[in-house]
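The structure under discussion appears below in the form of structure tokens.
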Amino acid sequence: MRQKRIILVGPPGCGKGTQSPILKEEHCLCHLATGDMLRAAVAAKTSLGLTAKEAIQKGELVSDDLVIAIIEEAIKRPSCEKGFILDGFSRTVTQAEKVAL
């Protein structure tokens, strides 16, 4: 069976977070919201989370490579076996090219 991959893009407040749970239930996919994933990694004090925390504390953006590493780690989970929804990532052409999973 082929994995489904859905990427929701748009400005804040456009409904990505509203549509994601609907799509998740309809298609049995895991929902990956990068902001939530970053906060969880920081709270869990994972190596990626600690690197992200360092950037955040300096007032820097978390690097694309770090966010992509967190996504790649997440899509290996059993809950993502049938596919996933990326909510709010990618935001740039460069990010889209890098995340061509």
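Please read these numbers as outputs of a predicted model, since none were measured by experiment. All values below were derived from every heavy atom in this structure, side-chain atoms included, with hydrogens, water molecules and symmetry-related copies excluded. FYI, the numbering just counts along the sequence from 1.
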Interatomic distance, [X] atom [atom1] to [Y] atom [atom2] [nearest 0.5 angstrom]:
X     : Y     : atom1 : atom2 : result
Gln95 : Asp65 : CD    : CG    : 10.5 Å
Ser47 : Lys45 : OG    : NZ    : 14.0 Å
Leu32 : Glu73 : CG    : CD    : 11.5 Å
Cys30 : Lys82 : SG    : NZ    : 12.0 Å
Met37 : Leu86 : CE    : CG    : 7.5 Å

Hydrophobic cluster identity match, [X] and [Y], side-chain contacts under 4.5 Å:
X     : Y     : result
Leu38 : Ile7  : yes
Leu50 : Val62 : no
Ile85 : Phe89 : no
Ile75 : Val9  : yes

For this session: Could you go through the salt bridge (charged side-chain N to carboxylate O under 4.0 Å, His left out) check for Glu72 and Lys76 one step at a time?
Result: CA-CA 7 Å; Glu72 288 174 339; Lys76 292 176 185 172; over 6 Å; no
For this session: Could you go through the side chain to side chain contact (heavy atoms under 4.5 Å, CB included) check for Ile70 and Thr34 one step at a time?
Result: CA-CA 8 Å; Ile70 288 174; Thr34 53; over 6 Å; no
Problem set entry | Side-chain donor/acceptor of Gln3 to backbone N/O of Cys80, under 3.5 Å | yes
Identify every side-chain donor-acceptor pair in residues 18-25 under 3.5 Å, counting partners at least two apart or on other chains, and give the distances.
{"residue": "Ser20", "atom": "OG", "partner": "Lys16", "partner atom": "O", "Å": "2.8"}
{"residue": "Ser20", "atom": "OG", "partner": "His31", "partner atom": "NE2", "Å": "3.3"}
{"residue": "Ser20", "atom": "OG", "partner": "Asp87", "partner atom": "OD2", "Å": "3.4"}

